[in-house]
Amino acid sequence: MNNTYIFLLARFIHVVAGVTWAGALIFISWLLLPALRGAGPAGGVVMQQLVRVQSLPKQLIALMALTILSGLSLFYLDISAFGPAWVHTGPGRTFSLGAAFGILAAVYGMFVNAPAAKRMGALGALVQASGGPPSAEQAAELGRLQGRLYNAGRVIMVLILIAVTCMGVARYIP
Ligand code: HEM
C-alpha cells in the first residue's frame, strides 16, 4: 500500500474514532452524569447496565486507543513527509497541543472516572440483586461516587473540548 492510502486510512480511523470518542465523553459528562446524579440510587442501577451489560468502559477504551494510535501514526506520517521542522510550524504545534490534551483526558478518564464508574456499577448490581432499596450506607456511597464522577466528568469535558478545538483549527494556524 503506498503512503497516500496509509495516510487516508489513518485519517479515516482517526476522525471517525476521535469524533465518536469525544462526542461520547461530552454526552456522558454534560447530560448523562448530571441525570444519573439527579436520579439518586436509581442512577446506580442504570450505571450497572451501562458498565456491566453495555461494557461502556471497554468501548470507550477501544475508541480512545484507536484515536491515539491513529493520531500518533499521523504524526509519524506528517514528520516523514514534511520533515521534523513540521512540528514547529503553526499546525504542527497546534496538533501537538491538541494531542497532549487528548492524551491527558484519556489518562484522567482511566485513573479517575473508570474506577468510580466500575465501583458504582458493582454497587448498583448489589442493590438490584437485593431486590429492595439500598441501605443507608450503600446510598451514601452511591451519592459520594456520583459526586466524584460528576466532577471528574466536568474535568474530562474541558480537556476534550480543548483537544477537539485544537484539532479543528490547527491546519489554519499561521
Ligand atoms: C480528542 C479527540 C480527537 C479528535 C476529535 C481529533 C480529531 C481530528 C480531526 C478532525 C483531524 C483533521 C483535522 C484537519 O484535517 O484539519 C485531526 C488531525 C490530526 N490529529 Fe486528531 N483528534 C483527536 C485526538 C488526537 C490525538 C490524541 C492525537 C495524537 C496522539 C491526534 C493527532 C492528530 C494529527 C497528527 C493530525 C493531523 C493529521 C494530518 O496531517 O492530516 N489527534 N484530528
Side-chain angles (χ1 to χ4, degrees), residues 1-37 46-47 49-51 54-121 145-174:
M1 219 192 305
N2 78 27
N3 265 3
T4 306
Y5 289 114
I6 296 174
F7 187 71
L8 281 175
L9 182 67
R11 269 183 75 93
F12 169 74
I13 295 172
H14 186 67
V15 173
V16 174
V19 298
T20 311
W21 179 48
L25 289 181
I26 293 167
F27 165 74
I28 291 168
S29 313
W30 197 338
L31 296 170
L32 187 67
L33 292 177
L36 291 184
R37 198 187 195 192
V46 176
M47 189 55 93
Q49 283 289 316
L50 282 172
V51 172
Q54 310 292 331
S55 306
L56 179 70
K58 282 186 194 144
Q59 300 209 35
L60 289 177
I61 287 172
L63 287 169
M64 174 201 83
L66 281 175
T67 305
I68 292 178
L69 291 178
S70 56
L72 291 175
S73 322
L74 286 170
F75 263 115
Y76 174 79
L77 292 166
D78 277 335
I79 290 168
S80 307
F82 305 114
W86 175 80
V87 177
H88 303 290
T89 62
R93 280 184 208 278
T94 317
F95 279 127
S96 305
L97 190 69
F101 273 96
I103 291 170
L104 207 60
V107 171
Y108 193 87
M110 273 196 309
F111 289 102
V112 182
N113 299 48
K118 275 188 189 155
R119 175 86 195 105
M120 207 168 138
L145 288 168
Q146 276 169 342
R148 191 193 298 170
L149 258 183
Y150 176 86
N151 292 330
R154 299 273 128 170
V155 174
I156 290 273
M157 193 166 70
V158 171
L159 295 175
I160 212 77
L161 281 173
I162 296 174
V164 172
T165 305
C166 291
M167 290 289 148
V169 301
R171 200 164 290 282
Y172 307 97
I173 300 290

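Note that the structure is predicted; figures quoted are calculated from it, not measured. FYI, the numbering just counts along the sequence from 1. As the structure lists them, so they are numbered: ligands from 1, and atoms in each ligand from 1. For the numbers below, each heavy atom of this structure counts, side chains included, while hydrogens, waters and symmetry mates do not.
From the protein, the heavy atom lying nearest to atom 11 (C) of ligand 1 is V15 CG2, 4.2 Å. Ranking protein heavy atoms by distance to atom 29 (C) of ligand 1, first place goes to A99 CB, 3.3 Å. The nearest protein atom to atom 3 (C) of ligand 1, hydrogens excluded, is given as T67 CG2, 4.0 Å; this is a heavy-atom distance. Summary of contacts: the protein heavy atom closest to atom 22 (N) of ligand 1 is H14 NE2, 2.8 Å. When hydrogens are left out, the protein atom nearest atom 15 (O) of ligand 1 is R11 NH2, 2.8 Å; that is the closest non-hydrogen contact. In terms of protein heavy atoms, atom 18 (C) of ligand 1 is closest to F95 CE2, 3.4 Å.
Summarising the geometry of A10 relative to L77, their closest heavy-atom pair is CB-CD1, 4.4 Å, with the distance given to 0.1 Å. Residues R171 and F95 come closest through the heavy atom pair NH2-CZ, 4.0 Å.
The distance from ligand 1 to the heavy atoms of A163 drops below 4.0 Å at these ligand atoms: 1 (C). Heavy-atom proximity to F7, at under 4.0 Å, picks out these atoms of ligand 1: 39 (C), 40 (O), 41 (O). Remark: ligand 1 atoms within the under-4.0 Å shell around heavy atoms of W21 are 1 (C), 2 (C). In summary, the atoms of ligand 1 found under 4.0 Å from a heavy atom of D78, numbered by their order in the structure, are 37 (C), 38 (C), 39 (C), 40 (O). Listed by number with element, the atoms of ligand 1 under 4.0 Å from a non-hydrogen atom of L72 are 30 (C). Counting atoms of ligand 1 from 1 in the listed order, those under 4.0 Å from a heavy atom of I160 are 1 (C). Interface of I68 with ligand 1, defined as ligand atoms under 4.0 Å from a residue heavy atom, comprises 27 (C), 30 (C).
The residue F101 has no part lying near ligand 1, judged by heavy-atom distances below 4.0 Å. Residue R171 touches ligand 1 through its side chain alone, judged by heavy-atom distances below 4.0 Å.
At a cut-off of 2.8 Å, M167 is counted among the residues with an N, O or S atom near atom 21 (Fe) of ligand 1.
Residues F7 and T4 form no side-chain contact, since every pair of their non-hydrogen atoms from C-beta on lies 4.5 Å or further apart. Taking the side chain as every heavy atom from C-beta outward, M47 and L145 never approach each other to under 4.5 Å. Residues F75 and S96 form a side-chain contact, since some pair of their non-hydrogen atoms from C-beta on lies under 4.5 Å apart. The shortest distance between side-chain heavy atoms of V155 and V112 does not fall below 4.5 Å. Residues F101 and T165 fail the side-chain proximity criterion, which asks for heavy atoms closer than 4.5 Å.
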Side chain to side chain contact (heavy atoms under 4.5 Å, CB included), that's the test. Do N113 and I28 meet it? Break it down for me. CA-CA 11 Å; N113 299 48; I28 291 168; over 6 Å; no
Steps toward side chain to side chain contact (heavy atoms under 4.5 Å, CB included) verdict (I173, R93): CA-CA 9 Å; I173 300 290; R93 280 184 208 278; over 6 Å; no
Working note: T67 + H14, criterion side chain to side chain contact (heavy atoms under 4.5 Å, CB included); need CA distance, chi angles, decisive distance, verdict. CA-CA 5 Å; T67 305; H14 186 67; 3.8 Å; yes
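Of the residues listed (I6, L74, V16), the one engaging R11 in a side-chain contact (heavy atoms from CB on, under 4.5 Å) is L74, and it is the only one.
In this structure, Y172 falls outside the shell of residues with a heavy atom less than 4.0 angstrom from ligand 1.
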